[in-house]
Amino acid sequence: MSEAVTRATATHPGLLASLDPLLREWLPRQRWFAGKGRPVTGFSLVAAADLLPPEGSPGLLHVLLRAHQPDVPAQGAAPHPADCYQVLVGVREALPPRLAPALIGHVAEGPLAGRSVYEALYDPRATAVLLEAIRTRARIGRLRFEGEGRPRIREGLVPRMMTSEQSNSSIVYGDTFILKVLRRIVPGTNPDLELPLVLSREGCPRVPAPAGWLIADLDGPDDPYVLAVLQPYVRGATDGWELALRELAKGGDFTVEARALGRATAEVHTALARALPTATLGRARARLLADGMTQRLEAAAQAVPALRPYAPGLHQAFEALAALAADGRTWTAQRIHGDLHLGQCLRSPSGTWSLIDFEGEPSKSLAERRMPQPTVRDIAGMLRSFDYAAHSAVPPAPEWATACRAAYCTGYAEAAGRDPRAEPVLLRAYETDKAVYEVLYEARHRPDWLPVPMAAIRRLSVGALP
Ligand SMILES: Nc1ncnc2c1ncn2[C@@H]1O[C@H](COP(=O)(O)OP(=O)(O)O)[C@@H](O)[C@H]1O
Ligand SMILES: O=P(O)(O)O[C@H]1O[C@H](CO)[C@@H](O[C@H]2O[C@H](CO)[C@@H](O)[C@H](O)[C@H]2O)[C@H](O)[C@H]1O
């Protein structure tokens, strides 16, 4: 551990003022920026720490800042007036050509005047510092780099930034570890660390066990912030979405994999139910659940007029759930993945499936994301995903989806001892809720994909499971 990394940090007077004009232009352009479409009116500095001294080259600043966006967002989106973001700012006299795409800008005034600042996650010399800090369990200012058990992280693993489209940013170290650097950060226990840690402590092999993490202890009454999580890298893995599309293109069978995925999901659910508190979903909570689904449907129908003709039929799915609960039916709720789809499942070259990305739906509060929920919600997410794959294939292959959906439920039942198809009302309500969410998501982000969830909406609105 270098002296530069271990030394406590100074505060950074004037830092934000000099970065402000550059960040205003740069931050909203980033894939992970959550407040797109609303102007940033200013920044406030939450914390800053030198991970490498600013007078060195490169210098490396760890920055937590709030982006102020007082405008009310478009209908259906959560209001985020001052989200907190994590940025690693590299500082150099001059940027080498290989780092040109990472440029944030040239600083005109203040403590860094005359230097170039850049997105340091692209710079292996900077990201090596993060792994080294986890390896040595460093404490730098209010940053705590920690790990599970004895660190078994080799020195000198070569880092590379992942370039895939992500909500956060990930660095792969020598194809051995992957560090997920969270971007929009919130105080409190983050399920992206909490659940994989619980699962690995339970001995569940379906999740890459966290090897290290980064926490910030900020002043004030708030809980600590989880900033990054290090996990073993599943070398040569393919995600379920890619694999499914590949098989579809070949006219290949995916039911063996779908069944294995069902078993993997059940193993994760069983371990979570063993390790963390469960609850009963009875009449009152089912009513709230159905009302929440109805509100989301209404908001989505406001934003996407094509949904409107189907709203009454879809609404019936939610009312059927509330009616069943009113008749005395109850369900067990427990911690679940919360945003499960084929893209969150990794298959190793030896055929083992792992689940990743337990962050839940990022637009929801941590409290909501950490609430016990029926496992059927995750299952509905996966069933929707088979439908998505089948309907994005050319030509669409609905019978492929039907076979995969059945195989997934069979695999789930084999490992969990209960078949999700025994809960058709709950399943329909959750699939409908997810399809409504997808309509809104696609309308906002990928309008070309809108026909995929709309096809499911038509079927669900007349009571058929896709
Ligand atoms: N343990 C892992 N091993 C191999 N690849 C991984 C691992 N974890 C994540 N990935 C890859 O990184 C991508 C992004 O990870 P994810 O946790 O979904 O991040 P985000 O929340 O930013 O979308 C995944 O789609 C997957 O391709
Ligand atoms: O990747 P995230 O976890 O942020 O999820 C969002 O983006 C997903 C698309 O990348 C979107 O998923 C939808 O499309 C997938 C295919 O691209 C499909 O497998 C999913 O079933 C479907 O919901 C997801 O809804 C959105 O939250």
Side-chain angles (χ1 to χ4, degrees), residues 30-32 34 86 121 160-185 190-193 195-196 200 205-211 226 228-245 248 261 300 337-349 352-364 369 377-393 401 404-405 408 430-431 433-446 448-453 456 466:
Q30 304 312 302
R31 157 80 162 92
W32 40 262
Q86 173 172 214
L121 292 182
R160 72 183 152 84
M161 168 97 160
M162 275 193 49
T163 49
S164 56
E165 289 279 287
Q166 278 184 256
S167 316
N168 298 288
S169 299
S170 298
I171 313 295
V172 177
Y173 292 93
D175 279 0
T176 305
F177 289 104
I178 180 164
L179 180 70
K180 176 162 165 178
V181 177
L182 302 180
R183 291 305 201 154
R184 190 172 70 83
I185 58 153
N190 190 318
D192 221 0
L193 172 59
L195 296 186
S200 69
R206 296 305 185 177
V207 172
V226 175
V229 181
L230 184 76
Q231 288 177 298
Y233 183 71
V234 185
R235 214 174 291 195
T238 316
D239 75 50
W241 175 253
E242 226 178 292
L243 214 57
L245 290 193
L248 268 164
L261 272 168
H337 180 282
D339 190 19
L340 198 57
H341 55 80
L342 279 164
Q344 314 282 38
C345 307
L346 292 184
R347 185 182 180 278
S348 73
T352 306
W353 284 100
S354 312
L355 306 192
I356 57 164
D357 197 2
F358 283 75
E359 199 180 7
E361 272 180 39
S363 59
K364 298 211 165 120
R369 290 190 245 159
R377 178 161 176 222
D378 278 349
I379 294 162
M382 284 298 288
L383 298 183
R384 288 289 315 119
S385 220
F386 291 120
D387 182 62
Y388 246 78
H391 284 86
S392 58
C404 287
R405 290 162 58 92
Y408 179 79
Y430 272 116
E431 278 206 71
D433 187 47
K434 180 75 184 182
V436 166
Y437 165 87
E438 288 166 344
V439 166
L440 196 58
Y441 177 86
E442 303 300 3
R444 286 217 182 102
H445 301 280
R446 309 185 294 192
D448 289 356
W449 287 62
L450 197 50
V452 176

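All ligand and atom numbering here is 1-based and tracks the order in the structure.
- Residue contacts with ligand 1, taken as heavy atom pairs separated by less than 4.0 Å, involve Ile178 solely via side-chain atoms from C-beta onward.
- Proximity of His445 to ligand 2, defined as any heavy-atom pair under 4.0 Å, is not found for any part of the residue.
- Protein heavy atom at the shortest distance from atom 4 (O) of ligand 2 is Ser167 OG, 3.6 Å.
- Between Glu242 and Arg347, no side-chain nitrogen of the basic residue sits less than 4.0 Å from a carboxylate oxygen of the acidic one, so the salt-bridge criterion is not met.
- Within the 4.0 Å heavy-atom criterion, neither part of Ala237 lies near ligand 1.
- Taking every non-hydrogen atom of Asn168 and a distance limit under 4.0 Å, the qualifying atoms of ligand 1 come out as 20 (P), 21 (O), 22 (O).
- Counting only distance, with no hydrogens or angles, the side chain of His391 and the backbone of Pro451 share no donor-acceptor pair below 3.5 Å.
- Given atom 5 (O) of ligand 2, the protein heavy atom at minimum distance is His341 NE2, 3.6 Å.
- For Tyr408 and Phe386, the ring centers sit closer than 6.0 Å to each other.
- Looking only at protein heavy atoms, the nearest one to atom 7 (O) of ligand 2 is Tyr441 OH, 2.9 Å.
- Comparing Glu242, Met162, Gln166 by heavy-atom distance to atom 20 (P) of ligand 1, the nearest is Gln166.
- On a distance-only criterion, Gln231 and ligand 1 share no N/O pair closer than 3.5 Å.
- If you number the atoms of ligand 2 from 1 as listed, the ones under 4.0 Å from a heavy atom of Asp339 come out as 3 (O).
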### Task
Would you please test Arg160 and Asp175 for side chain to side chain contact (heavy atoms under 4.5 Å, CB included) and show each step?
CA-CA 9 Å; Arg160 72 183 152 84; Asp175 279 0; 2.6 Å; yes
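- Counting atoms of ligand 1 from 1 in the listed order, those under 4.0 Å from a heavy atom of Leu346 are 2 (C), 3 (N), 4 (C), 5 (N), 6 (C), 7 (C).
- Contacts between Arg235 and ligand 1, counted as non-hydrogen atom pairs separated by less than 4.0 Å, are absent for every part of the residue.
- Atom CG of residue Leu179 and atom OH of residue Tyr173 lie 5.0 Å apart, to the nearest 0.5 angstrom.
- Heavy-atom proximity to Tyr233, at under 4.0 Å, picks out these atoms of ligand 1: 3 (N), 4 (C), 5 (N).
- Here's the thing with Lys180: one of its N/O atoms is less than 3.5 angstrom from an N/O atom of ligand 1.
- Listed for the Arg206 side chain is a donor-acceptor partner under 3.5 Å among the backbone atoms of Trp353.
- Residue Ser167 places at least one N or O, backbone or side chain, under 3.5 Å from an N or O of ligand 1.
- What sits closest to atom 1 (N) of ligand 1 on the protein, heavy atoms only, is Pro232 O, 3.0 Å.
- The nearest protein atom to atom 26 (C) of ligand 1, hydrogens excluded, is given as Ile356 CD1, 3.9 Å; this is a heavy-atom distance.
- Atom 3 (N) of ligand 1 has as its closest protein heavy atom Val234 N, 2.8 Å.
- In summary, the atoms of ligand 1 found under 4.0 Å from a heavy atom of Gln344, numbered by their order in the structure, are 18 (O).
- The residues Lys364 and Asp339 are annotated as not salt-bridged, no charged nitrogen and carboxylate oxygen being separated by less than 4.0 angstrom.
- Only one option out of Gln231, Arg369, Lys180 pairs with Asp192 in a side chain to side chain donor-acceptor pair (under 3.5 Å); it is Lys180.
- Taking each of Ser385, Gly343, Gly338, Gly381 in turn, the one with a heavy atom nearest to atom 21 (O) of ligand 2 proves to be Ser385.
- With a 4.0 Å heavy-atom cut-off, ligand 2 is reached by no atom of Glu361.
- Ring geometry for Tyr441 against His445 counts as tilted: the plane angle lies between 30° and 60°, on a 0 to 90° scale.
- Of the possible donor and acceptor atoms, none in the side chain of Ser385 sits under 3.5 Å from a partner among the backbone N and O of Leu383.
- Among protein heavy atoms, atom 23 (O) of ligand 2 sits closest to Glu438 OE2, 2.7 Å.
- Listed by atom number, the atoms of ligand 2 under 4.0 Å from Gln344 heavy atoms are 3 (O).
- Formation of a donor-acceptor pair under 3.5 Å by the Arg184 side chain with backbone atoms of Ala34 is not found in this model.
- The pair Glu361-Arg377 meets the salt-bridge criterion, with a side-chain N (NZ, NE, NH1 or NH2) lying under 4.0 Å from an Asp/Glu carboxylate O.
- Ligand 1 has a nitrogen or oxygen under 3.5 angstrom from a nitrogen or oxygen of Asp357.
- Defined by atom type and a distance below 3.5 Å, a donor-acceptor pair is present between the side-chain atoms of Asn168 and Glu359.
- Checking side-chain atoms of Thr352 against main-chain N and O of Ser348 turns up no donor-acceptor pair under 3.5 Å.
- Using a 3.5 Å distance cut-off with no hydrogens or angles, the side chains of Ser169 and Arg183 do pair a donor with an acceptor.
- Close contacts of ligand 1 with Glu359, meaning ligand atoms under 4.0 Å from a residue heavy atom, involve 21 (O).
- Contacts with ligand 2 closer than 4.0 Å are made by no heavy atom of Met382, backbone or side chain.
- Looking from atom 14 (O) of ligand 2 to the surrounding protein, the closest heavy atom is Arg446 NH2, 3.0 Å.
- Scanning Tyr437, Trp449, Trp241 for the heavy atom closest to atom 27 (O) of ligand 2 points to Tyr437.
- Checked by atom type and distance alone, the side chain of Glu442 never pairs as donor or acceptor with a backbone atom of Trp449 at under 3.5 Å.
- Formation of a donor-acceptor pair under 3.5 Å by the Asn190 side chain with backbone atoms of Val226 is not found in this model.
- Between Gly343 and ligand 1, a contact under 3.5 Å exists for no N or O pair.
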